[in-house]
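Every value quoted in this text rests on a predicted model; they were computed, and no experiment measured them.
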Amino acid sequence: MLKKRMSLKLFFACVILGLVLFIVGCTPEDASSEEETETTNESNTEETDTSSDDHESENSSRSTLTAVEDRGHLILGGNNQLPGFGYLNETGEIEGFDIDFGKAIAAAIFDDPEAIEVRPLSADERFTALQTGEVDVLIRNTTWTTTRDTDLGTHFGPTTFYDGQGMMVRADSGITSLEDLAGARIGVETGTTTELNLADQFRKLNIDYEQVTFDDNDALVAAYEEGSVDAWTTDKSGLVSRLETLSDPEAHTILDEALSKEPLGPTVRQGDDQWFNIVKWITFATIEAEELGINSENVDEFMDSDDPVIRRLLGLEGDLGSMLGLSEDFGYRVIKHVGNYGEIYDRHLGPDTIFNLERGLNENWTNGGLLYSPPFR
């Protein structure tokens with residue numbers, strides 16, 4: 001019996017000793033092999049990810065300014081269907097109020113306002129194009145909202161046009177207020193705050209209506225002109241700009257009521273503070289220049305000014321340009337090539353255009369409007 005117990009003890013001791021030797025002998029090699037395999041797999045994954053999406057890699061590894069400079073031109077997301085703001089002119093080029101603010105950015109960077117590619121985008125396409133880096137900046141009659149600042153990951157620059165949503169109807173329709181639109185078919189462009197504001201206001205007023213959506217502005221206006229809808233709604237500036245292009249402008253009217261506030265301005269992706277600051281301060285330069293009485297025709301006369309505010313704006317002293325990553329004279333470039341805010345406005349929307357749109361809230365603060373630039377200092 002004792003001999004049997006000793007045999008069992010010896011057997012178990014051998015088994016334990018064997019396991020220890022196996023673990024000691026094999027573990028380091030296996031662990032090293034496993035680590036090498038994981039490292040190799042991670043390396044392969046990184047290589048695969050990089051090669052599968054070069055565009056995304058480029059955006060993540062380089063600043064927007066560097067990408068624009070290396071490319072040699074700015075890519076602006078804009079409109080080509082809104083007269084006065086972004087539209088095709090007689091030569092087939094896109095021009096307008098919004099487009100000129102893109103040209104101001106190109107002028108500041110390249111000393112050339114034509115170093116720009118305007119990429120026409122629908123309301124549905126615009127934010128995706130900005131988020132994916134297809135465009136560097138979006139300036140397309142786009143309203144600043146909480147959701148767009150958060151869920152969509154965008155930053156809005158200074159408001160360049162204070163607007164409000166309106167409603168266009170036929171002059172002989174008898175419609176003089178929103179309440180008169182009960183049961184009407186109302187056209188609206190899909191993917192816009194206009195669509196949401198329409199629903200909010202009519203819900204608040206307890207008015208039943210039929211909403212008819214369209215993918216773009218041209219299709220919406222065409223449907224309205226042919227009578228497929230009883231009314232159509234968008235920003236009042238958009239209604240004014242399209243009114244003059246209708247076959248018989250006198251046959252239509254814009255209701256006095258405003259459905260919303262619509263602050264419009266340039267928009268950039270979140271995550272690149274330098275680019276956000278560049279777009280902001282180039283825009284502010286146009287506003288500050290008008291306040292100071294500096295325009296594209298007289299800017300050279302201010303180059304020997306003793307006013308420190310003017311000297312900083314034009315890059316004659318200080319290092320504001322280099323702080324942004326731009327030439328010190330970026331403000332001068334913007335004003336010389338594109339003009340101040342008032343010049344941009346008058347060129348596309350003012351008294352010498354078919355729109356003759358009063359500036360109203362879009363006057364400089366010194367003239368009772370809302371336009372105001374922080375100090376260039």
Side-chain angles (χ1 to χ4, degrees), residues 64 67-68 71-143 154 156-157 160-161 163 189 191-192 194 214-222 234-235 237-246 262 264-269 279 282-283 286 296 333-334 337-341 343-350 352-355 357 362:
T64 305
V68 171
R71 187 192 307 126
H73 66 272
L74 176 80
I75 301 179
L76 167 69
N79 203 332
N80 66 345
Q81 298 182 351
L82 189 59
F85 288 86
Y87 63 100
L88 288 172
N89 61 23
E90 296 83 357
T91 63
E93 296 179 339
I94 302 176
E95 66 175 50
F97 176 84
D98 285 344
I99 307 304
D100 271 5
F101 283 99
K103 289 186 175 184
I105 299 172
I109 298 171
F110 299 108
D111 202 17
D112 179 6
E114 300 306 320
I116 183 173
E117 173 190 344
V118 182
R119 196 159 294 179
L121 299 169
S122 70
D124 269 349
E125 296 168 335
R126 55 184 165 171
F127 291 110
T128 301
L130 181 63
Q131 292 162 342
T132 59
E134 179 185 335
V135 298
D136 304 311
V137 59
L138 176 68
I139 311 180
R140 185 201 177 280
N141 52 293
T142 298
T143 304
T154 62
F156 279 77
T160 54
F161 197 93
D163 208 349
E189 190 174 354
T192 62
T194 307
F214 297 86
D215 291 334
D216 62 65
N217 196 258
D218 281 349
L220 169 55
V221 175
T234 190
D235 296 342
S237 60
L239 294 176
V240 170
S241 71
R242 292 309 298 250
L243 177 62
E244 298 302 325
T245 67
L246 300 179
E262 303 292 325
L264 314 177
T267 316
V268 298
R269 290 180 296 280
V279 172
I282 289 172
T283 306
T286 68
S296 60
R333 293 178 176 188
V334 169
H337 290 303
V338 184
N340 65 33
Y341 179 93
E343 288 180 280
I344 295 172
Y345 189 100
D346 287 346
R347 186 181 302 136
H348 300 289
L349 305 170
D352 293 331
T353 68
I354 61 173
F355 311 113
L357 194 61
N362 296 296

Between the side chains of Asn89 and Thr91, is a donor N or O closer than 3.5 angstrom to an acceptor N or O? yes
Do the side chain of Arg140 and the main chain of Leu121 share a donor and acceptor less than 3.5 angstrom apart? yes
Any donor-acceptor pair under 3.5 Å linking the side chain of Thr194 with the backbone of Thr234? no
Rounding to 0.5 Å, atoms CD1 (Ile139) and CG (Asp136) come to a distance of 10.5 Å
Can you tell me how far OG of Ser237 sits from CZ of Phe85, rounded to the nearest 0.5 angstrom? 3.5 Å
Please determine whether side chain to side chain contact (heavy atoms under 4.5 Å, CB included) holds for the pair Thr192 and Arg126, giving the CA-CA distance in whole Å, both sets of side-chain angles, and the decisive distance to 0.1 Å. CA-CA 10 Å; Thr192 62; Arg126 55 184 165 171; 4.0 Å; yes
Quick check against the 3.5 Å criterion: does Thr353 have a side-chain atom that pairs as donor or acceptor with the backbone of Arg347? no
Any idea which heavy atoms bring Leu74 and Ala106 closest together, and the distance? CD2-N, 4.4 Å
Between Asn80 and Pro120 (side chain of the first, backbone of the second, donor and acceptor by atom type, cut-off under 3.5 Å), is there such a pair? no
Please lay out, stage by stage, how Glu117 and Ile94 fare under the test side chain to side chain contact (heavy atoms under 4.5 Å, CB included). CA-CA 10 Å; Glu117 173 190 344; Ile94 302 176; over 6 Å; no
Minimum-distance pair of heavy atoms, taken over all atoms of Gly86 and Ile99: CA-CG1, 4.1 Å
Student check: side-chain heavy atoms of Leu138 and Phe127 closer than 4.5 Å: yes
For Asp100 and Lys103, indicate whether the former's side chain and the latter's backbone hold a donor-acceptor pair under 3.5 Å. no
Run the side chain to side chain contact (heavy atoms under 4.5 Å, CB included) test on Ile105 and Val279 for me, step by step, so that the C-alpha distance in whole Å, both residues' side-chain angles and the decisive distance to 0.1 Å come before the verdict. CA-CA 7 Å; Ile105 299 172; Val279 172; 4.1 Å; yes
Where do Gly102 and Leu76 come nearest, in terms of heavy atoms and distance? CA-CD2, 4.1 Å
Side chains of Leu82 and Tyr87, heavy atoms from C-beta outward: is any pair under 4.5 Å? no
Give a yes or no on whether the backbone of Gly238 and the side-chain of Asp235 come within a donor-acceptor separation of less than 3.5 Å. no
Does Asp112 CG have over 12 foreign heavy atoms under 6.0 Å away? yes
Which pair of non-hydrogen atoms, one from His73 and one from Arg71, has the smallest distance, and what is that distance? O-NH1, 2.9 Å
Find out whether Phe355 and Pro83 are in side-chain contact, i.e. whether some heavy atom of one side chain is under 4.5 Å from a heavy atom of the other. yes
CA sep, side-chain torsions, deciding dist, call: Phe110, Ile116, side chain to side chain contact (heavy atoms under 4.5 Å, CB included): CA-CA 10 Å; Phe110 299 108; Ile116 183 173; over 6 Å; no
Assess the side chains of Asn79 and Asn141: does a donor N or O sit below 3.5 Å from an acceptor N or O? yes
So, for Arg269 and Val135, which heavy atoms are closest and what is the spacing to 0.1 Å? NH1-O, 2.8 Å
Where does the angle between the aromatic ring planes of Tyr341 and Phe101 fall among parallel (under 30°), tilted (30 to 60°) and perpendicular (over 60°)? tilted
With a 4.5 Å limit on heavy-atom distance, are the side chains of Thr160 and Pro266 in contact? yes
Considering all heavy atoms of both residues, which atom of Thr283 and which atom of Thr286 are nearest to each other, and what is their separation? O-OG1, 2.7 Å
Interatomic distance, Ser296 atom OG to Ile344 atom CD1 [nearest 0.5 angstrom]: 9.5 Å
If you define the side chain from C-beta out and look only at heavy atoms, does anything of Asp98 sit under 4.5 Å from Phe161? no
Gln81 side chain to Asn217 backbone, donor-acceptor under 3.5 Å: yes
